[in-house]
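A, B, ... follow the sequence lines: proteins, then strands. Residue 1 opens every chain. Remember, predicted model here, so these are calculated numbers, not experimental data.
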2 protein chains.
Amino acid sequence: MSIIQNIKIAVDAIVFGYEKNQLFVLLVKQKFGDTKNLWCLPGGFVLNNESLTAAVTRELREETGITVNYLEQLYTFGDKIDRDPRFRVVSVAYFALVDPSKLTLTTITNTDAEKAKWFPIDQLPDLAYDHREIIDTAFARLKNKLTYQPIGFDLLETEFLFSELENLYTTLLEKNIDRRNFRKKILGFGIIDETDKIISVKSGRPAKLFKFNEKKYRELELKGFHFEIKFN
Amino acid sequence: MSIIQNIKIAVDAIVFGYEKNQLFVLLVKQKFGDTKNLWCLPGGFVLNNESLTAAVTRELREETGITVNYLEQLYTFGDKIDRDPRFRVVSVAYFALVDPSKLTLTTITNTDAEKAKWFPIDQLPDLAYDHREIIDTAFARLKNKLTYQPIGFDLLETEFLFSELENLYTTLLEKNIDRRNFRKKILGFGIIDETDKIISVKSGRPAKLFKFNEKKYRELELKGFHFEIKFN
DNA sequence: TCAAAAGTGTTCTCTTTACACCCATGG
DNA sequence: CCATGGGTGTAAAGAGAACACTTTTGA
């Protein structure tokens with residue numbers, strides 16, 4: 001305690017978006033510093049009187065203009081002491097999800113970040129620091145969490161087609177799904193409401209729009225219900 | 001970045017031990033400071049050139065003399081900015097398990113902590129800071145994790161009785177278990193080896209000692225096996 | 001011989017899997 | 001009328017739940 005601690009605390013956000021069978025990660029390019037020409041995760045240092053959660057949402061707003069649908073703490077990266085070559089930084093990483101409406105970024109005119117851009121998860125550019133590793137951790141968490149928490153809905157529009165939900169799962173988890181069994185199971189949970197809307201997309205038979213009923217889910221959860229989807 | 005960040009990083013450890021149907025948490029009483037007469041979690045500030053993991057193990061050694069069987073990052077507490085009344089501290093909490101041999105503490109002659117002591121989880125003293133909340137989080141994680149990861153074995157001696165495993169689950173999860181089904185299921189996993197030892201405890205029929213086969217577990221895990229125990 | 005805990009199988013129920021054809025629309 | 005994706009039921013297999021008596025030892 002008598003020794004002065006010289007470690008900085010940062011927060012980083014891994015924001016996932018999904019559209020047309022592709023998962024995207026939101027990255028920014030910094031204007032200044034060593035990482036000038038590298039992309040990195042949105043984030044930055046925590047202010048003295050700011051909670052960690054406030055820091056992430058502020059950085060996201062400042063650097064990308066985005067507000068997210070889902071946010072949770074992922075992991076704190078602080079074992080590699082030289083993960084930032086400038087000085088010791090411990091980073092608390094947050095994991096966030098947005099719906100497709102956020103995938104077109106409005107121009108950002110701010111101070112820190114030159115620009116923000118969505119990258120497909122399988123076409124990431126070179127990343128600063130250990131941000132690649134952080135994204136891998138987040139992606140693993142996303143895939144895992146999809147199987148036991150109803151977070152897939154946060155990656156879809158409020159009203160979605162069953163096939164979109166289905167494709168979300170098959171794409172991200174790289175597993176095949178029996179459409180009938182999947183539908184039966186999900187609908188059996190009783191947490192998805194059918195809307196009275198039917199829409200037509202390009203070709204094929206028009207399909208019903210569905211809606212996640214979060215209230216119902218919370219109720220069932222209290223009664224011991226566990227969302228769970230298994231794959232072969 | 002031009003503003004000086006004035007936040008300290010600490011690590012805290014929630015160490016669980018289990019013996020005779022009771023779960024214990026390891027606490028320490030500080031010699032100095034505001035928390036002089038309160039118990040708190042072992043932990044302290046991270047040194048400049050020390051990884052977070054190294055900081056926890058060091059603090060545990062210094063304050064309690066213990067080395068643990070299992071250690072994982074739990075959560076980073078940094079949303080309440082006045083969780084420490086002295087100054088802003090963000091604490092990375094780690095969750096640890098020890099076997100019953102660690103439950104008798106050797107005398108600690110060190111600098112920071114006056115003394116270390118095991119407390120039953122349901123008889124915790126008044127705790128400093130938000131440590132009560134941290135313990136609650138850790139306890140919830142423990143209970144949850146017990147159902148999907150074979151960590152219960154880290155709370156038992158290397159060789160254990162089936163009834164001990166059974167009691168661990170019934171005690172911590174407060175659920176009844178059908179002994180036959182439980183045994184059938186666990187043995188069916190193929191990750192527990194029967195030893196050729198049979199021991200007698202007080203009264204009743206003597207029982208076989210079993211041993212967790214971690215190597216086997218890792219192998220099966222790679223092939224897609226998932227440890228899972230459900231309760232009614 | 002009694003008390004205490006260990007050990008052991010079978011049946012029933014429920015959940016999961018496998019599987020294929022018709023429907024509604026747009027072009 | 002053809003291509004495209006949407007919508008649906010049933011049977012078989014596997015997993016989980018319910019259930020009670022015998023065995024071995026120490027006191």
- Message: Please tell me whether A:F95 and A:Y75 form a close aromatic pair, meaning their ring centres lie under 6.0 Å apart.
- Response: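 No - the distance between ring centres of A:F95 and A:Y75 does not fall below the 6.0 Å cut-off.
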- Validation row, ring centre A:F225 to ring centre A:F189 under 6.0 Å: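 Yes, they do, as the ring centres are separated by less than 6.0 Å.
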- Would you check, one step at a time, whether the test side chain to side chain donor-acceptor pair (under 3.5 Å) holds for A:K20 with A:N167? CA-CA 9 Å; A:K20 298 201 188 76; A:N167 290 332; over 6 Å; no
- Task: Starting from the 5' end of DNA chain C, give me the residue, A:F231 or B:R179, whose nearest nucleotide shows up first.
- Result: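 By nearest-heavy-atom nucleotide position, the 5'-most residue is B:R179.
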For the pair [X] and [Y], find out whether any cationic side-chain nitrogen is under 4.0 Å from an anionic carboxylate oxygen.
X      : Y      : value
A:K216 : A:E219 : no
A:D130 : A:R83  : yes
A:E72  : A:K145 : yes

- Query: Hey, does the side chain of A:R180 come within less than 4.0 Å of D:dG9's phosphate (OP1/OP2), counting only N and O?
  - Reply: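 For A:R180, the contact criterion (side-chain N or O under 4.0 Å from OP1 or OP2 of D:dG9) is not met.
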- Message: Strictly below 4.0 Å: does A:S163 bring a side-chain N or O up to OP1 or OP2 of D:dG6?
- Response: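 So the side chain of A:S163 is within the cut-off, an N or O lying under 4.0 Å from OP1 or OP2 of D:dG6.
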Length of the line joining [X]:[atom1] and [N]:[atom2], which is rounded to integer Å:
X      : N      : atom1 : atom2 : result
B:I198 : D:dG26 : CD1   : P     : 12 Å
B:I199 : D:dG26 : CD1   : C1'   : 15 Å
B:K185 : D:dA18 : NZ    : C1'   : 15 Å
A:K208 : D:dT8  : NZ    : C1'   : 10 Å
B:I229 : D:dA17 : CD1   : P     : 12 Å
B:E228 : D:dA15 : CD    : P     : 13 Å
A:K230 : D:dA15 : NZ    : C1'   : 9 Å
A:E194 : D:dT8  : CD    : C1'   : 13 Å

- Task: Identify, between A:K184 and B:S200, the residue whose nearest nucleotide on DNA chain D lies closer to the 5' end.
- Result: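 Per heavy-atom nearest nucleotide, the more 5' residue is A:K184.
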- Query: Which residue, A:R205 or A:D178, contacts DNA chain D at a nucleotide closer to its 5' end, judged by nearest heavy atom?
  - Reply: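 By nearest-heavy-atom nucleotide position, the 5'-most residue is A:R205.
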- Query: chain B on DNA chain C: first and last contacting nucleotide, 5' to 3', under 4.0 Å to a heavy atom?
  - Reply: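 Range of nucleotides touched by chain B: C:dA4 to C:dT10.
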- Within the side chain of B:S91, is there an N or O that forms a donor-acceptor pair under 3.5 Å with the backbone of B:V11?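 Looks like no, no N/O pair under 3.5 Å.
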